[in-house]
Amino acid sequence: MSSLLIKNGHLIDPGAGVEGAKDILLKDGRVAEIAGAGKIKPNGSEVIDAKGLTVAPGLIDIHVHLREPGQGHKETIESGTAAAAAGGFTSVAAMPNTTPVNDTPDVTRWMQSPDRGAHIRVFPIGAATRGSKGEAINDFAALKAAGVVAVTDDGHPILKDGIMRETLAAAARVGLSVIQHAEDTRMTQGCSMNAGPTAFKLGLRGMPPEAESSLVERDIRLVQELRDARVHLHVAHTSTAAAVAAVRQARRNGLRVTCEVAPHHFLLTEEHVGMYSTHAKMNPPLRSAADRDAMIEGILDGVVDAIATDHAPHAVHEKEVEFERAPNGITGLETALGLCLRWLHKEWKLPLGRVLSLLSAQPAALLGLKGRGTLAVGSFADVVIFDPNAEWTYRVSETKSRSRNTPFDGWAMQGKVRWTISEGKIAYVSE
Amino acid sequence: MNATATPVRRNLKHPDAPATPFPYNTGSLLSVNDLSVDAVSHLLKRATALEEMDPAERDRLFFKRRVALLFYESSTRTRTSFELAAKALGADTTLVSNLSSSIEKGETLKDTGLTLRALGAEAIILRHNSSGAPWLLEESTHLPVLNAGDGMHEHPTQALLDLRTILQHLRPKAKAVAEDTLAGVTVSIVGDILHSRVARSNMLLLPRLGARVVVCGPAPLLPEIASTEGPGIEIERNFEAAIAKSDVVMMLRIQAERLAGLQLDLDQYKAEYQLTVKRLAQFAPKAVVMHPGPIIRGLELTADVADGPQSAILQQVKNGVAIRMAVVERALTAKGGQA
Ligand SMILES: [Zn+2]
């Protein structure tokens, strides 16, 4: 069958604790062999010479909006995964706030059908409640059997105490994580950015940070009360210092509570809204400098378990409206690695292995994606090969996404993806 | 990086916020911050010159030039004022309101702006209920855009006409304004600061000319964060203490349409913040009383205060036309392009 030899690369596999000059042989979609550089003979395999390049487990983004079914003008599974592959990702977990909402095995299966033309692996996340309305819990066993890897009502919180408790318990029984979009929407009606001096200046209603942290604290309390080691709460797109502090404390108390941070929340602040730039409008919003600093601190000290982009494409015309009317979200799949290497690694000195772990091994572990996020022999042949020293400028005009809503157009990036290999097949090659 | 056990406050470099590309057109007036003090001074001079000019001569200045008024909120005062100002300069005006069919049918602000430009509009005066809308319109059309009030954000021509009114009372001999023209002057702005674009524009403009601005109101209508709007701003919760130290008292209307569920006890509000003849006589017998309108007699101020000798409310209205002539002139003489 098909085989691919990646030779002379610098392998970094943080999950397996491997780093060094290695050859890697991929066969039939799996990692077949790893040996010292120059040790594996091609024997008819296709060969990639990775000299001077870093070879790592393909990146995993556990929070993307691929917009299919139903919103193909923003993104399709095909276009979204093309953007993901260009960004070095080999797996993405797709949020269920599609049209219809992914609250049934049918939608879950439809998303995974080969007809969708995905370039990399898509793991659907199921809706926690019917229509993500926060009222009636879905059949988690059936969703899991169809392929979902977690449940959430992302875009909305699971607000009611009783429903959230039941969701955590029911998901735990079938071995699924619950991902919470932590926003107490009773505090955010009519709001379009973070509460604070910038919102006052711009005459916009602001979302208080407590809208996030109070719900995280409530959820942690529920996890504690359930006293079931299988319960796993994952906090999506954490953006406030208080929420990170709550997660840190929950972990000290031995609870299975994890969190992710998006690049925009560790890089940008509410000031980046500028004069009403809708490319700086997302939910949770860009926060204060102190919150941004807390995201960096949480990443550096390890309480943050994953970098996830919250890739949220919207068509140009949807964002070219009054700030308060514009939809929330920015794209992120093509810029995540370049920003993480430029800032987390180069500027803030987080070791490369830890950056890569936050983008692969840890998110894989978090959602229990077996055989992903590592290049140990027998794992899926999901690989990213990048030039760690290349500096380049992101141009949204060249995006593979259907949408262009990014604040990072024209930004300096570090580390250029050369090849992305998904289950042994080349999903992306740079020109 | 040091190796202490406790988390350290790291001194890290971060990406800078991008520079603003606004205004795209040098004739635009989106925010009072678009104007240097010199530019403010120039506008005030032009307002006087245009006001004093022979109407027949003035009518030829911008004869048949096209100015569009785009109003997404009902407004009598500001719309009429801008319209009279543009017409007094000889320009043709056309009004498009939110009751117009294209807007009712859901046309976007961008498309309405591009349509007006294609119809020959050379400047657009925009009133909009959404903060920031003038920036979107300017970016979309690159025409001179005059902000006639955007949401809770700004109302720059109101601040300019307020400044002209204040100068007429307190600095009648001033021929020009500079950073210290209003040194020693205290202006209190009272009432619903949170929802007021008039308050924000005045809070940004008046301190730049040396004035001290005191904002006064109950916490739900005046959050502490208001003091961060700019330098020279302080909060005084006690109404009588605020007006006692003020040369100018600017009263604001409670914006019922923007309260968004906020419950307010109006009787208590009146007891604490209503400007009455008695309070005026006792605490601010010399202060100039101003109000951007529309006034609600018997709520934020009593009828006898509105009609009383200290009231400059109608003078403000008159100044509005002069200021707007100057602002329209600036828009129609702009060379365009980046400011
Ligand atoms: Zn979310």
Side-chain angles (χ1 to χ4, degrees), chain A residues 189-193 195-206 248 264 266-280 286 289-290 292-294 296-298 300-301 303 316-326 339 342-343 347-350 407-412, chain B residues 1 6-23 30-31 33-34 72 108-111 128-140 149-155 193-197 199-201 203-204 222-230 258 260-261:
Chain A
Q189 289 307 306
C191 297
S192 52
M193 68 174 295
T198 310
F200 185 86
K201 281 194 180 73
L202 293 175
L204 296 170
R205 297 177 199 275
R248 188 180 281 115
H264 49 270
F266 68 73
L267 287 171
L268 310 180
T269 67
E270 56 201 348
E271 284 186 20
H272 286 255
V273 170
M275 292 318 290
Y276 306 95
S277 169
T278 58
H279 288 174
L286 299 177
R292 186 264 328 265
D293 290 349
I296 298 169
E297 195 58 44
L300 298 185
D301 81 3
V303 71
V316 171
H317 71 269
E318 294 170 321
K319 280 286 199 181
E320 275 185 339
V321 296
E322 296 85 338
F323 190 84
E324 290 167 302
R325 290 181 55 196
L339 290 170
R342 167 71 186 80
W343 291 96
E347 188 68 43
W348 302 329
K349 311 298 178 205
L350 188 66
F408 299 120
D409 188 27
W411 278 49
Chain B
M1 215 141 294
T6 48
V8 284
R9 275 267 138 250
R10 296 170 213 248
N11 192 12
L12 301 177
K13 186 174 174 288
H14 305 282
D16 296 324
T20 176
F22 295 100
L30 304 170
S31 159
N33 284 337
D34 292 349
Y72 285 77
T108 63
L109 179 58
K110 173 178 173 160
D111 284 321
H128 202 288
N129 51 7
S130 193
S131 297
W135 279 259
L136 171 66
L137 183 66
E138 208 222 13
E139 187 170 43
S140 304
D150 64 317
M152 306 172 357
H153 181 225
E154 274 218 51
H155 195 348
I193 310 293
L194 176 61
H195 302 108
S196 174
R197 50 200 176 208
R200 282 180 180 76
S201 285
M203 288 160 81
L204 292 172
L222 173 57
E224 282 296 319
I225 210 141
S227 64
T228 62
E229 176 76 4
R258 296 188 216 278

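These numbers come from a predicted model, not from an experiment. To find a chain, count down the sequence lines: A is the first, B the second, and so on, and within it residues start at 1.
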Note: vs chain B, highest number of non-hydrogen pairs under 4.5 angstrom among A:T278, A:V321, A:T269, A:L268 is A:V321

Pair count under 4.5 Å, heavy atoms only, with chain A: among B:L136, B:T228, B:T108, B:D16, highest is B:L136

Heaviest contributor of heavy-atom pairs below 4.5 Å to chain A, chosen from B:M152, B:R197, B:H153, is B:H153

With chain B, the option among A:R205, A:E347, A:R325, A:E324 that has the most non-hydrogen atom pairs under 4.5 Å is A:R205

Given A:S277, A:A199, A:G196, the one with more heavy-atom pairs under 4.5 angstrom with chain B than any other is A:G196

Taken to the nearest 0.5 Å, the spacing of B:L204 CG from A:K201 NZ works out to 8.5 Å

Ranked by heavy-atom pairs below 4.5 Å to chain B, first place among A:L202, A:V273, A:T198 goes to A:L202

Between B:A17 and A:H272, the two heavy atoms sitting closest are CA-CE1, 3.4 Å

Is it true that atom CD of A:E271 has more than 12 heavy atoms of other residues, nucleotides or ligands lying nearer than 6.0 Å? no

Honestly, the part of B:K13 sitting under 4.5 Å from a heavy atom of chain A is both

Ranked by heavy-atom pairs below 4.5 Å to chain A, first place among B:S140, B:G132, B:S196, B:A133 goes to B:G132

Q: Describe, in one word, how the ring planes of B:W135 and A:Y276 are oriented to each other, choosing from parallel (under 30°), tilted (30 to 60°) and perpendicular (over 60°).
A: tilted

- Message: Set out, in order, the CA-CA distance, both residues' side-chain angles and the distance that settles side chain to side chain contact (heavy atoms under 4.5 Å, CB included) for B:S131 and A:L204, then state yes or no.
- Response: CA-CA 7 Å; B:S131 297; A:L204 296 170; 3.8 Å; yes

Closest non-hydrogen atoms of B:P15 and A:W343, given as atom of the first, atom of the second and distance, are N-CH2, 3.5 Å

Per-residue tally against chain B (heavy atom, under 4.5 Å) across A:P197, A:G410, A:G203 peaks at A:G203

If one checks every heavy atom of B:A19 against chain A at 4.5 Å, the contacting part turns out to be neither

Applying a strict 4.5 Å limit to non-hydrogen atoms, the region of B:L194 in contact with chain A is both

Residue set satisfying ring-ring contact (aromatic ring centres under 6.0 Å, His included) with B:H14, at least two apart, ordered chain then number -> A:W348

